[in-house]
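Protein chains get the first letters and strands the later ones, always in sequence-line order, with residue 1 at the start of each. Keep in mind that this is a model prediction, so the values were computed, not measured.
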Amino acid sequence: MSEMIETLKAHTASFIKDSYQKELFTPQITVNKTPIDYTGDFTIVVFPIAKHVGARPDIIAEQLGNYLQKHATGITSYNVVKGFLNLSIKNSYWLQFFKQYAADKHYGFGSKQNRRVMIEYGGPNTNKPLHLGHLRNILIGYSVSEILKAAGYDVVKVNIYNDRGIHICKSMLAYKKFSKGETPESSGMKGDHLIGHYYVVYETELRKQIADLVQQGKSEEEAKQQAPLAQEVQEMLRLWENNDEHVQALWRKMNSWVYEGFEETFARIGCDFDRHYYESETYLLGKALVEEGLRQGVFYKRADGSVWIDLTSEGLDEKLVLRADGTSVYITQDIGTADLRFKEFPCERMIYTVANEQDYHFKVLKLICQKLDKPYAGGIHHLSYGMVDLPSGRMKSREGTVVDADDLISEMEKTAAEKSEALGKMELFNEQEKKQLFHALGMGALKFYILRVDPRKRMVFNPEESIDFQGFTGPFIQYTHARICSLISKADIGSVHTLVKSISEDYPMHELEKNLIRNLHEFTSIISDAAAQYNPALLANYLYALAKEYNQFYQELSVLNASRESEKYFRLILSSFTTDVLKRGLSLLGINAPEKM
RNA sequence: GGUCCGGUAGCUCAGUUGGAUAGAGCAUCAGCCUUCUAAGCUGAGGGUCAUUGGUUCGAAUCCAAUCCGGAUCACCA
């Protein structure tokens, strides 16, 4: 698409120069795809040109159309509607594109650029299992990583574990006091769920204690502070920071269970990481960097000994970076983590996939790194995504409305199984194949449902819609792909490569064939747009449109029983091209495309 | 209160430097399985693009104000 648009713009510019002796730069010229109800392939918007040269739009359009037909190659006809000049392009332009790429298994993917970017996603706390919010994070992060790879970048995927702090001690304390020494094995629970259970135990026991104290006449505030559990958990954190042997051992043991549980969930989701980072390994580094910045005068110390940075000149506030007692805060760790990462993987960008409630935090992080004069500071980018709501409103852990990721995945698989069995297409599958299929379909539905929405926007997760398999869904695209695969295997054609050569330059394309080719033609630019904007939704919407276009083509024109051999081969190659693009596009969303379903 | 983000069909969402009659899916209604997978296709109804003003040939898109919703401004992470 793009090169044709560029040549049209260039010719338009020279037309203005030749006929009106005026300069107009090509970016000021608008060339669009012609809307479907008008004849033509491309449309030049003539209004700005008319204004520039001071003539009537319809007259200019007529002259320009004439000029282009003479000077630009490949234009068969034109028509003018008001100030719009619609141009029709020779079929051979599309055919040429088709012949060039139909058999190219890398079509749409950019070549290696030798440019490295790092992307962080995931970022769970080690005190409770993954939930729906993490799922959106992971799906976006993974998909953006794959899209960046497709655009030619070297991508380092990293995770950050929030593995230390008071919240971790809460589940540890509850486990120590209230468990009978269960392990994931003995309890039959996944490690992360077991720990999450004790986190809840802590909260409920604490609330009981507070209620008791309030009944004894204490104020709410006092009760919260004086509750034995609250004091014990503070003590535990102190012990942890002082490297107390027992606390550290318990911490290691419980975290290892959580990691095992997370790994299992990551595998089910189908995401992966090149490196896991742990805040426990970077918070000291962050403190060291703050000390260094203090010496450089980037930070300042208050009377109580706490360390701050003044960002009021940047329109932000003064921000604490080190507590009076010398312990680190959230941002301190992030400074350390960023530094460690850049040492390990020098890269031109560090992308943080984190919810938009932390927009402010990342503004601060970037500014601090800039003030510390870190080479990676400019490359810090917050890939900020919106929260996930339920139809009933916001998810609240206290009200138990949080959707657990493992449960959700199981539910999706179960629904996929029910729907597939109901359609009665499962005779040819063995148990193993069924399991794989149901997983692919369930995850396809879930991933597409989440990724089709612009990441920046808040979204509503409706469980009933998310398991829908009809319409604007992942399974619809998977289905289209599977159907094409079946078509191709039935055709028993040899290599697409050799068939492509047999296509004649004057093959009379049907309108539906041409539409499909025009859609396929956009794949490259969709990938580069999605990569530039970190937006998988662009790709999701494109793939749906492509699959829909194919279904229309499929419904209207027969492929295997086409009336002529040339048609049959053309349509088979077109189908094969489409299915390749669908499959590779889906893979960038982390969605598998089964060959039969 | 300051800052940031959002408001498009009953619901969920598209709408890429301002372009032609604002598009999908779900839901509702009406058709299409004796040839390649009906998880599909065709058609119908459904809109004051939050409101008001401005910029211009032209605004859902840009600007201003207002209304509504959300986030954030923590010695929580």
Which base sits across from [N] as a Watson-Crick or G-U pair, both distances under 3.5 Å?
| N | result |
| --- | --- |
| B:G1 | B:C73 |
| B:A22 | none |
| B:U56 | none |
| B:U61 | none |
| B:G6 | B:C68 |

Under 4.0 Å, counting only non-hydrogen atoms across every strand here, what does [X] touch: a base, just sugar-phosphate, or nothing?
| X | result |
| --- | --- |
| A:Val81 | base |
| A:Arg394 | sugar-phosphate |
| A:Ala482 | base |
| A:Asn561 | base |
| A:Asp529 | base |
| A:Val460 | sugar-phosphate |
| A:Pro391 | nothing |
| A:Asp304 | base |

Rounded to the nearest angstrom, tell me the gap between atom [atom1] in [X] and atom [atom2] in [N].
| X | N | atom1 | atom2 | answer |
| --- | --- | --- | --- | --- |
| A:Phe362 | B:C4 | CZ | C1' | 16 Å |
| A:Leu85 | B:G19 | CG | C1' | 14 Å |
| A:Gln555 | B:U37 | CD | C1' | 11 Å |
| A:Tyr554 | B:C33 | OH | C1' | 11 Å |
| A:Lys457 | B:A71 | NZ | C1' | 16 Å |
| A:Gln552 | B:U42 | CD | C1' | 9 Å |
| A:Tyr360 | B:A74 | OH | C1' | 11 Å |
| A:Leu311 | B:A74 | CG | P | 12 Å |

Any side-chain N or O of [X] less than 4.0 Å from the OP1 or OP2 oxygen of [N]?
| X | N | value |
| --- | --- | --- |
| A:Lys319 | B:C73 | no |
| A:Lys568 | B:C36 | no |
| A:Tyr479 | B:A39 | yes |
| A:Lys425 | B:A39 | yes |
| A:Ser558 | B:U35 | no |
| A:Lys548 | B:G25 | yes |
| A:Arg452 | B:A24 | no |

Interatomic distance at C1', B:G23 relative to B:C49, whole Å: 12 Å
Side-chain heavy-atom pair A:Thr353, A:Val144 within 4.5 angstrom cut-off: no
5' priority, RNA chain B, between A:Lys82 and A:Arg458 [closest heavy atom]: A:Lys82
Quiz item: cation-pi between A:Lys457 and A:Tyr385, 6.0 Å / 45°: no
Over-ring placement of A:Arg164 relative to A:Trp251, 6.0 Å and 45° cut-offs: no
Aromatic ring pairing A:Tyr544/A:Phe472, orientation class (parallel under 30°, perpendicular over 60°, tilted between): tilted
Would [X] count as stacked on [N] if the rule is ring centres under 5.5 Å and plane angle under 30°?
| X | N | value |
| --- | --- | --- |
| A:Phe47 | B:C57 | yes |
| A:Phe84 | B:G19 | no |
| A:Phe469 | B:A39 | yes |

Centroid separation A:Tyr277 to A:Tyr161 less than 6.0 Å: no
Side chain of A:Tyr449 (C-beta onward), nearest among B:U37, B:A24, B:U12: B:U12
N/O donor-acceptor pair, side chain A:Thr43 with base B:A20, under 3.5 angstrom: yes
A:Ala547 to A:Thr480 - nearest heavy-atom pair and separation: CB-OG1, 3.8 Å
Distance, nearest 0.5 Å, that separates CD1 of A:Ile210 from CD of A:Glu221: 10.0 Å
